[in-house]
Participant: 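Attaching a single structure in structure tokens format; questions to follow.
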Amino acid sequence: MKPSYYVTTPIYYVNDVPHIGHAYTTLAADVLARYKRLKGFDVFFLTGTDEHGQKVEKAANAAGETPLELADRVMKRFQSLWDKLEISYSDFIRTSQERHKKGVSEFFKRVQDKGDIYLGEYEDWYCTPCETFWTETQLIDFKCPDCNRPTEKLKEESYFFRMSKYQEALLAHIEANPDFIQPKSRRNEIISFVKEGLRDLSVSRTTFQWGIPVPENDKHIVYVWFDALTNYITALGYPDEEGNFSKYWPVDVHLIGKDILRFHTVYWPTFLLAAGLPLPKKVFAHGWWTVEGQKMSKSLQNVVEPNMLVDKYGVDAVRYFLLREVPFGLDGDFSHSALIHRINSDLANDLGNLLSRSTAMLNKYFGGVLPEPGAPTELDQALREKAEGMVTQVDSYLDELAFSRALQSIWEVISAGNKYIDETAPWTLAKDPAQKERLGTVMYHMLEAQRISFLLLSAFMPKTAEKGLCSLGVVGEPDQSSFTWGGLKAGTTISKAEALFPRIDEKAE
Ligand code: ME8
């Protein structure tokens, strides 16, 4: 039986349209999903939309539609963007779906039956954009300490979750599992937060309608974060604990932005502890994208629209750029000039050039038919070892979610391939008929190194990798043996590759 692997993205709010921030998390999850499939895992990759809550209700009112109409409209924009970005999700959950509502009610009920949800009264400051309550002392000038927007004082009857009860258990879990919260800086942040003390959490609202009613008291609506977080198990069929739930839970990794760390590493695990369910294996919070040095915001009109980027630069250039440019976990800045630079230097020059010059040479010197390699020299051996090392490195980097370093490892082989050609100078060998076998060995090494590189790249740039592998005459689905040197067979016909990436004239842009 294949080992299982479960990866999730946040479910995105439908009051906003998708931008590169959303695309970023989803792309990262897609790369993991594709890579794990390549490695023989049975993968479940979940994404979706977060459709309930006051924020969505307000946005719908403002747009003169019902919340569900708004959600129907916006979720399609997410789905069509994911199609365009070649996101290979297994399931798309919407919190307005019956399967989800049923699962949330049951989850709520189980925690309540355990005595960990009780009815009380709330009086605190609420930030609607963040859907978060704050105490007065936490506010800065009566504004939300997270987003700096005005808060409003709310007093209402509310159900509370006994989060305080799980403070020690959560801390013990974080300390016993160094990989649970990553990167490390985020883990430390959460440890300090939990050590300061956890308060019981309000998990219901009476001030709006758009959500899931509390079981047996429909005056109350389940708190939107309690509702949303539960998507990670309702999509697996919870409360049915057979089938997908038993196969994929606990999740291997929840990918999130740093903005929603606390919800995923304090709220969610304590809910799960109360419900007696295993905790996620890993929560990884990546950094935040700014645009040309500024925070992305509707009012600044600088929101980077991924559809436009894909239309202009192509899907794989965008996929490559977002994961290569910034180490996952750190903040990064988006700029068109940085993107164009990556396309021209990494994609057109290094990758595209290597494939086109090497396939052209094979066609010129061997009529496009791959010869049998002869005895390798030190140079050949060094290239082979680099390619073999890349397979191990990419695996361990992706295990750490170091996407950028994984790509760097692949590019080391691409650069080594280009250098290898310069050093072996096939054009000189070709002039001497006595060097025919040597020339064949060189052709074999330069192309085989690319085969393995493209195979690994297929997780990052599916279309480009397909084109590359197709040029190299590779057919059929890869299996575990595909990662081993020697996959290209002598006698294979290899066509002259078209340019993978045209250069972009930055000035004209
Ligand atoms: O928070 N840079 O949804 P959301 C990088 N519904 N990533 C960014 C980003 C930026 N500038 N802006 C957004 C929610 N993101 C909840 C989640 S989960 C149970 C519920 C990404 O639509 C990042 O992944 O506000 C962030 O965590 C997510 O979008 C927030 O999306």
Side-chain angles (χ1 to χ4, degrees), residues 7-30 46-56 59 70-71 74-75 77-78 81-82 87 92-96 100 103-104 107 127-132 146-147 149 186 210-212 222-235 251 253-269 271-272 280 283-298 300 302-306 321-323 325-335 401 403:
V7 54
T8 67
T9 73
I11 48 171
Y12 303 107
Y13 284 128
V14 288
N15 63 320
D16 198 2
V17 295
H19 57 62
I20 53 159
H22 306 120
Y24 185 51
T25 323
T26 311
L27 269 177
D30 185 59
L46 179 68
T47 189
T49 39
D50 190 353
E51 303 186 355
H52 290 139
Q54 198 164 5
K55 189 152 84 168
V56 173
L70 172 79
V74 178
M75 81 80 149
R77 294 190 61 166
F78 277 97
L81 178 64
W82 301 156
I87 303 300
F92 188 104
I93 189 156
R94 303 180 58 184
T95 54
S96 59
H100 175 74
V104 170
F107 189 65
C127 172
T128 307
C130 295
E131 302 274 17
T132 310
D146 267 359
C147 74
R149 279 177 279 207
R186 302 285 164 216
W210 178 234
I212 304 172
V222 174
Y223 173 43
V224 66
W225 274 102
F226 191 98
D227 166 345
L229 289 160
T230 311
N231 92 87
Y232 300 129
I233 56 174
T234 58
V251 67
V253 57
H254 286 316
L255 288 185
I256 57 167
K258 64 179 185 181
D259 53 320
I260 53 175
L261 181 68
R262 202 178 296 159
F263 301 104
H264 283 80
T265 56
V266 181
Y267 294 12
W268 180 226
F271 298 163
L272 288 165
V283 178
F284 194 108
H286 64 67
W288 207 242
W289 282 94
T290 50
V291 174
E292 314 274 351
Q294 281 185 310
K295 199 177 162 180
M296 227 184 325
S297 82
K298 275 189 199 152
L300 290 174
N302 66 346
V303 175
V304 179
E305 215 285 290
F321 174 79
L322 289 176
L323 292 173
E325 187 67 3
V326 179
F328 205 60
L330 300 185
D331 292 339
D333 185 50
F334 177 89
S335 74
L401 281 78
F403 298 98

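Order of appearance sets the numbers: ligands from 1, and atoms from 1 within every ligand. This structure is a prediction, so every number in the text was calculated from the model and none was measured.
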Participant: Would you mind checking which non-hydrogen protein atom is closest to atom 2 (N) of ligand 1, with the distance to 0.1 Å?
Facilitator: Trp289 N, 2.9 Å
Participant: Measure the distances from the heavy atoms of Gly287 to every atom of ligand 1 and state whether one is below 4.0 angstrom.
Facilitator: yes
Participant: Relative to atom 14 (C) of ligand 1, which among Phe334, Tyr13, Tyr12 owns the nearest non-hydrogen atom?
Facilitator: Tyr13
Participant: Work out whether the distance between some heavy atom of His264 and some atom of ligand 1 is less than 4.0 Å.
Facilitator: yes
Participant: Any chance you could lay out the ring pair (Phe, Tyr, Trp, His ring centres under 6.0 Å) test for Tyr24 and Trp289, step after step, and finish with the verdict?
Facilitator: CA-CA 9 Å; Tyr24 185 51; Trp289 282 94; 5.3 Å; yes
Participant: Answer with yes or no whether His286 contacts ligand 1, where contact means a heavy atom under 4.0 Å from a ligand atom.
Facilitator: yes
Participant: Taking 4.0 Å as the limit for heavy-atom contacts, which would you say applies to Met296 with ligand 1: side chain only, backbone only, both, or neither?
Facilitator: side chain
Participant: Which residue supplies the protein heavy atom nearest to atom 29 (O) of ligand 1, what is that atom called, and how far is it?
Facilitator: His22 CD2, 3.4 Å
Participant: Who's the nearest protein heavy-atom neighbour of atom 17 (C) of ligand 1, and how far?
Facilitator: Ile11 O, 3.2 Å
Participant: Quick one: nearest non-hydrogen protein atom to atom 30 (C) of ligand 1, plus distance?
Facilitator: Asp259 OD2, 3.7 Å
Participant: Touching ligand 1 at all, Asp16? Heavy atoms, strictly under 4.0 Å?
Facilitator: no
Participant: Let me confirm one number: the CD1-CZ distance from Ile212 to Phe226, rounded to the nearest 0.5 Å.
Facilitator: 9.5 Å
Participant: If we only consider heavy atoms of Tyr232, is any one of them less than 4.0 Å away from an atom in ligand 1?
Facilitator: yes
Participant: Which residue holds the protein heavy atom closest to atom 1 (O) of ligand 1, what is that atom called, and what is the gap in Å?
Facilitator: Ile260 CG2, 3.5 Å
Participant: Check if Trp225 has a non-hydrogen atom at a distance under 4.0 Å from any atom of ligand 1.
Facilitator: yes
Participant: Can you tell which of Asn15, Thr25, Asp50 gets a heavy atom nearest to atom 24 (O) of ligand 1?
Facilitator: Thr25
Participant: Without hydrogens or angle criteria, can the side chains of His100 and Thr95 be said to hold a donor-acceptor pair below 3.5 Å?
Facilitator: no
